[in-house]
There are 2 protein chains.
Amino acid sequence: MHIRMDWKNVSFDWNRARAFLVTAEEGSLSAAARALGLAQPTLGRQVEALQEELGVTLFERAGRGMQLTPAGHAMIEHARAMGEAAGRLSNVAFGQNDTMEGPVTISASDAYAGLLLPPIIEKMTEAEPRITVNVVVSNTASDLLRREADIAIRNFRPEEPDLIARKIRDAEARMFASPDYAASLGPIQSKDDFAKARFVGLDRTGQFLGMLQQMGYPISEANVPVHTENFLVMWALVKRGMGIGMIDSVIGDADPGVVRLWEDEPTLGFPIWLVAHRDLHQNRRLRFVWDFLADALR
Amino acid sequence: MHIRMDWKNVSFDWNRARAFLVTAEEGSLSAAARALGLAQPTLGRQVEALQEELGVTLFERAGRGMQLTPAGHAMIEHARAMGEAAGRLSNVAFGQNDTMEGPVTISASDAYAGLLLPPIIEKMTEAEPRITVNVVVSNTASDLLRREADIAIRNFRPEEPDLIARKIRDAEARMFASPDYAASLGPIQSKDDFAKARFVGLDRTGQFLGMLQQMGYPISEANVPVHTENFLVMWALVKRGMGIGMIDSVIGDADPGVVRLWEDEPTLGFPIWLVAHRDLHQNRRLRFVWDFLADALR
DNA sequence: GAATTGGTATGCATATCCGTATGGATTGGA
DNA sequence: TCCAATCCATACGGATATGCATACCAATTC
């Protein structure tokens, strides 16, 4: 049956425990306030009230920020446990949430976010107007674990056990250039014809160049006069005739401002994965976006 | 150094999680409100707000009380984890609390609470006026685990590993009676003289009688015309001359209204233990009361 | 050493939350 | 079937917490 429990020891204000936790982790009341979306005096008063309520001094002012006292150190691990349980609660709640109204955050590389997703998102919001879409530009998988994003589009299979992934297709990167620049190069018959071509590089570390060299292109640093780490910048440069760029053929083919350079070129293959957190994947809204993206990206 | 954490998933109102937890455990909003010392509409609104905030239906009205939905079941364990961490936090905080101002709850049997403790508590509050003393009459050790009491006076060594105990002394129960009744019995020379004596029994189950018979007293149920489970009632009856009562000799000797019946009687020995929760024992206020009681009860 | 930066405390208007009182619904028992 | 008990929902006045603006403080920089 139901054992009569005693709730005296949990009847203190739990939000004050949250204030304590975040202040300790962030190191200052101001940072905690920013992290929680509250005002700094609010956090200060909550921590103050908790100290008053428990009769314990938790922090000492330390010039820059707040320093935990020994008593605070003895208590922070339990506040952390509360926070972790709260996070799990929130995750499960999100998974159980079966309303179509609300936000979904999609994480993708800048190329996908800027070139491929916009029309997809437009169709999706037409189909489900109550869904609000946020797009985050990122290339790491960790933002899913931290719940900075709900669904990620990645080019690798994530290893983390808490994540689930679905392979959409194998994409291939091909060479594109503006029609003008392609014409100035003349007809391409073999790799040797690239000896005098200009490329728009994708990083400063030379990986892009090395990759092409490995594929047998007779090019050196002189062939890559401009670099960027941003696909969208690269693409804009390519479209302005600054050189050749390599990008997912789906993106290049869909862009009327560029042409394929060479039909028979060796392509650079890479997979496209959809990734989500295991706990959140049941969410109805998320499932809808997941299925929509899987269908549209195929 | 400090990994930037994301607090979005813990920034919901933790007090609402508490409301969810207690409501689920207690089975109704009203019971939860009583348990937390809040009003029923408050709990109702908090649960309502949590459902709104998370987009999940947690409860269904079930005539008598609230029933968890499947979604609620999926989440309650995490709320429970929060509650357990909150309890530990509260315990540790209590242990770290180093102020002399505040309450201390002492649990004791009715005999000690009513006969032995009052003068001790009086002296104690004189020595430390800022301490507020609550006395709870109870004979179980579990009220310490539930934190319904801070210090308990017990006649057995508790087995629970979370409790710490200190043996104060071995007490002996002796026979006392009012002077009038003692005189009416005449001088006592041996156990046989008790054949026609009247006793005031301490329970209805016959344990008291059996104990005396085992000690060699030639008595039967006819010698125990009145029973009570309450020591204070027993004592009042004894002092009114209703019969013989057995009680800690320290209590009996200190009471001018009774006399020892027989110096050479075989005594019934039992230990006196002071018990407290391990986590709370560091508390300065508690230590003071603990030491004071240990000294005064010796 | 003055300016700048990042942080904490305080006063005040306001928005939010809480408790009391009350009505409505359901259960259990006479 | 009706009565009593128990519980949830709603309305409203008042207590409480929040945010903004600002004063103040320590550390770092030029």
Side-chain angles (χ1 to χ4, degrees), chain A residues 1-2 4-5 7-8 10-54 56-69 71-72 76 79 86, chain B residues 1-5 7-8 10-54 56-69 71-72 76 86:
Chain A
M1 233 307 298
H2 174 235
R4 173 133 190 75
M5 290 190 70
W7 298 100
K8 277 200 227 47
V10 296
S11 61
F12 65 91
D13 190 318
W14 284 15
N15 283 334
R16 294 171 180 171
R18 185 189 59 179
F20 166 52
L21 169 63
V22 180
T23 302
E25 297 283 349
E26 294 290 328
S28 76
L29 295 172
S30 301
R34 282 192 297 272
L36 288 173
L38 299 173
Q40 163 262 316
T42 301
L43 267 288
R45 283 184 287 245
Q46 287 185 353
V47 170
E48 177 73 22
L50 183 66
Q51 295 185 135
E52 179 67 24
E53 192 170 15
L54 301 178
V56 174
T57 301
L58 300 168
F59 292 105
E60 278 170 1
R61 280 199 58 171
R64 174 86 88 232
M66 309 281 267
Q67 187 77 24
L68 275 178
T69 62
I76 190 63
Chain B
M1 212 354 270
H2 175 238
I3 294 178
R4 174 136 190 73
M5 290 191 69
W7 299 99
K8 278 203 241 12
V10 297
S11 61
F12 65 90
D13 190 318
W14 285 16
N15 283 334
R16 294 172 180 171
R18 185 189 60 180
F20 166 53
L21 169 64
V22 180
T23 301
E25 298 282 349
E26 294 289 328
S28 76
L29 294 172
S30 300
R34 283 192 296 272
L36 289 174
L38 299 173
Q40 165 260 316
T42 301
L43 269 288
R45 282 185 293 247
Q46 288 185 353
V47 170
E48 177 73 21
L50 184 66
Q51 295 185 135
E52 181 67 24
E53 192 171 13
L54 302 178
V56 174
T57 301
L58 300 169
F59 292 105
E60 278 171 1
R61 279 200 61 169
R64 175 84 86 232
M66 307 283 269
Q67 188 77 23
L68 274 179
T69 62
I76 190 63

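In what follows, chains carry the letters A, B, and so on, assigned in the order in which the sequence lines appear, proteins first and then strands, with residues in each chain numbered from 1.
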Rounded to whole Å, CD of A:Gln67 lies from P of D:dA26 at a distance of 17 Å

Nearest heavy-atom approach of A:Asp13 to A:Asn15 is OD1-N, 2.9 Å

The correct set of residues in residues 38-54 of chain A placing a heavy atom under 4.0 Å from DNA chain C is A:Gln40, A:Pro41, A:Arg45

Taken to the nearest whole Å, CZ/A:Arg61 to C1'/C:dT8 is 4 Å

Here the pair of heavy atoms bringing B:Ala71 nearest to B:Thr57 is CB-O, 3.8 Å

Scanning both residues in full, the closest heavy-atom pair of B:Glu26 with B:Ala32 reads CB-N, 3.9 Å

Classify the nucleic acid contact of A:Ser30 as base, sugar-phosphate or nothing, counting any heavy atom under 4.0 Å across all strands shown.
-> base

What one should report as the nearest heavy-atom pair of A:Ala79 and B:Trp14 is O-CH2, 4.5 Å

For A:Thr23 and A:Ser28, indicate whether the former's side chain and the latter's backbone hold a donor-acceptor pair under 3.5 Å. no

Does the B:Gln51 side chain pair with the main chain of B:Leu58, one donor and one acceptor, at a distance under 3.5 Å? yes

Between its two end axes (five pairs each) the helix from C:dG1-D:dC30 to C:dA30-D:dT1 turns, nearest 10 degrees, through 30°

Whole-Å distance, A:Phe59 CZ to C:dG7 C1', equals 14 Å

Distance-only polar pair, side chains of B:Trp7 and A:Glu25, donor-acceptor under 3.5 Å: no

Side chain to side chain contact (heavy atoms under 4.5 Å, CB included) test vs B:Arg16 passes for just one of B:Glu52, B:Glu53, B:Arg45, namely B:Glu53

From CZ of A:Arg34 across to C1' of C:dT8 the rounded distance in Å is 13 Å

From CG of B:Leu36 across to C1' of C:dG19 the rounded distance in Å is 15 Å

Got A:Leu68 and A:Phe59 here, is their nearest side-chain heavy-atom distance under 4.5 Å?
yes

Checking B:Leu54, B:Leu43, B:Leu50 against B:Phe20 for side chain to side chain contact (heavy atoms under 4.5 Å, CB included), the one that qualifies is B:Leu50

Whole-Å distance, A:Leu29 CG to C:dT10 P, equals 13 Å

Note: contacts of residues 10-21 of chain A with DNA chain C (heavy atom, under 4.0 Å) are none

Next item on the list: Could you tell me whether the side chain of B:Met66 reaches within less than 4.5 Å of the side chain of B:Glu60, counting heavy atoms only?
Entry: no

